[in-house]
**Q** 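So that we are looking at the same thing, I have put the structure below in structure tokens.
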Number of protein chains: 2
Amino acid sequence: MTQTDTVSRILDAAEVLFAERGFTETSLRTITSTAGVNLAAVNYHFGSKKELIQAVFERFLTPFTDSLVKELDRREAMEEPLSAEALLNSLYRGAMASLECQGRDPQRFMRLLGLAYTQYQGHLRRFIVSRYGDSYRRFAGLLSKALPGLDPVTFYWRLYFMLGATIFTLSSFDAIEAILREDFGAESSLQETLERLVPAAAAMLHADA
Amino acid sequence: MTQTDTVSRILDAAEVLFAERGFTETSLRTITSTAGVNLAAVNYHFGSKKELIQAVFERFLTPFTDSLVKELDRREAMEEPLSAEALLNSLYRGAMASLECQGRDPQRFMRLLGLAYTQYQGHLRRFIVSRYGDSYRRFAGLLSKALPGLDPVTFYWRLYFMLGATIFTLSSFDAIEAILREDFGAESSLQETLERLVPAAAAMLHADA
DNA sequence: AAGTGTTTTAATTGGTGGTTTGAATTCCTA
DNA sequence: TAGGAATTCAAACCACCAATTAAAACACTT
């Protein structure tokens, strides 16, 4: 078993278990035993449980963010004025594509993102903002240009409303989908939900202040 | 120290600590010591930590829900057609008023609600739905009537988008407000944020499908 | 005031958590 | 292939946890 193998086995197991149960509810013993590695390997390779959690997010967020930045470069190079809908579609579709071509489950990613924002007293939130904040500020700047005449404070609040709607619904997608299936017999895929989310979010951003 | 005193001291301390750190990150020892009561009092009065958590939510949600139901009764008795915006205002304002007149911090309430929904292995989610689901189904029914012609599945997804936007932004109100204050020098009150949220949510609900 | 049921207390139990250690093993290079 | 670094391993450590128990303190009735 090579080094990288052990490291990625730990990350794989941690990713799944964290998404299922949360961070404090997942012990290192559970992670290492499902990964099939020794308990001490976590502290050896990552230093601590906290750093393992950050590493899980790094592996998720770096390609996600890179693909967004590339997509924004591409879009901007076109010189066409970017509509809010187009930007939202770039964000969601680009992100989904980036995750799927990696073989990662987009739902799990959203679930982790949701946990990052509610658990751990905001350690993770700060980590994510400091590491990836610039890229998302760029996205926000472009989106803001697509909504001329909207007062900046209102715009930013609505951006957070959108973030909340996205993270909340996608991170509990399974639970919500199960409820709707029982009540209406209608199945919804993640893809369809994003297609519902984009126009709804756009309408929210465009609303009169 | 009378019985009710001990019980409510425990609930007060638990409420604050849970909202600050989450459930598993808060030990009974921390709760009882900040409450100034003996460790065994929790298990004596509530049975277990799990039941204490439920009790904290019950104390929060029961007056909250009761005030919503009364408001809905009042509104329905007026026989006027209810607009979506009016219903949202009833929900938010009624709830805020109910919490504030109790001397409870609305933000803390939202923070707890956020935690309840993200704890996946969700005994809390089930507890809340089974206890208060009927009242909120009634609200959803009225809101749905205010949006004729909207396909039910789309409506419900948008309801969850709205719930997500609300819980997410209000539960991290402090953090978001701090960022906006730094970037724009503009302070936002919780009241103002709700006044931004209502039209944004209404626009989302009214969007073309 | 005695007695009964209730509440609080302090000490204990059995268990799990993250982390550390030092020896054993594997890997790579010289 | 020999030697040294990197990695793995079993075991242990120590802090902390929820829950229980039995005795002490209290409140309330008769």
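All heavy atoms count here, side chains included; hydrogens, waters and symmetry mates do not. Each chain gets a letter, A, B and so on, in the order its sequence line appears, and its residues count up from 1.
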**Q** With B:Tyr132, which residues qualify under ring pair (Phe, Tyr, Trp, His ring centres under 6.0 Å), at least two apart?
**A** none
**Q** For nucleotides 10-23 of chain D, read 5' to 3', which letter fits each nucleotide if B means a protein heavy atom sits under 4.0 Å from the base, S means only the sugar-phosphate is that close, and - means neither?
**A** B-B----BBBBB--
**Q** Which residue pairs satisfy the salt bridge (Lys or Arg N to Asp or Glu O under 4.0 Å) criterion with at least one member in residues 180-191 of chain A, sequence neighbours excluded?
**A**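 Matches after skipping sequence neighbours: A:Glu177-A:Arg181.
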**Q** When you measure from the side-chain N and O atoms of A:His45 to the phosphate of D:dA6, is any distance below 4.0 Å, counting only OP1 and OP2?
**A** no
**Q** Quick one: list whatever passes side-chain hydrogen bond (donor to acceptor under 3.5 Å, both in side chains) with A:Arg126, sequence neighbours left out.
**A**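 With sequence neighbours excluded, A:Arg126 shows a side-chain hydrogen bond (donor to acceptor under 3.5 Å, both in side chains) to no residue whatsoever.
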**Q** With sequence neighbours excluded, tell me which residues meet side chain to side chain contact (heavy atoms under 4.5 Å, CB included) with A:Pro199.
**A** none
**Q** Per the ring-ring contact (aromatic ring centres under 6.0 Å, His included) rule, what does the pair list look like for residues 179-205 of chain B, sequence neighbours excluded?
**A** A:Tyr156-B:Phe184
**Q** Which atoms of nucleotides 24-26 of chain D (N or O only) lie under 3.5 Å from a protein N or O atom, and what are those distances?
**A**
none

**Q** Tell me the interatomic distance from A:Leu17, atom CG, to C:dG18, atom P, rounded to whole angstroms.
**A**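 So the two atoms are 12 Å apart, to the nearest Å.
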**Q** Listed by chain and number, what are the ring pair (Phe, Tyr, Trp, His ring centres under 6.0 Å) partners of A:Phe161, not counting sequence neighbours?
**A**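 Residues passing ring pair (Phe, Tyr, Trp, His ring centres under 6.0 Å) with A:Phe161: none at all.
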**Q** Among all residues two or more places apart in sequence or in another chain, which pass the side chain to side chain contact (heavy atoms under 4.5 Å, CB included) test with B:Val69?
**A**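 B:Thr65, B:Asp73, B:Ser135, B:Arg138.
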**Q** Once side chain to side chain contact (heavy atoms under 4.5 Å, CB included) is applied, do any residues pair with B:Asp105, and if so which ones, sequence neighbours excluded?
**A** B:Gln107, B:Arg108
**Q** Students often mix this up, so state it plainly: with edges at 30° and 60°, are the rings of B:Phe64 and B:Phe109 parallel, tilted or perpendicular?
**A** tilted
**Q** At what angle, to 10 degrees, do the two end axes of the helix from C:dA1-D:dT30 to C:dA30-D:dT1 meet, given five pairs define each axis?
**A** 10°
**Q** For A:Ser33, give me all partners under side chain to side chain contact (heavy atoms under 4.5 Å, CB included), at least two apart in sequence or on another chain.
**A** none
**Q** When the distance from CG of A:Asp5 to P of C:dT26 is rounded to whole Å, what number comes out?
**A** 16 Å
**Q** Just N and O in the side chain of A:Thr6: are any of them under 4.0 Å from OP1 or OP2 of D:dT8?
**A** yes
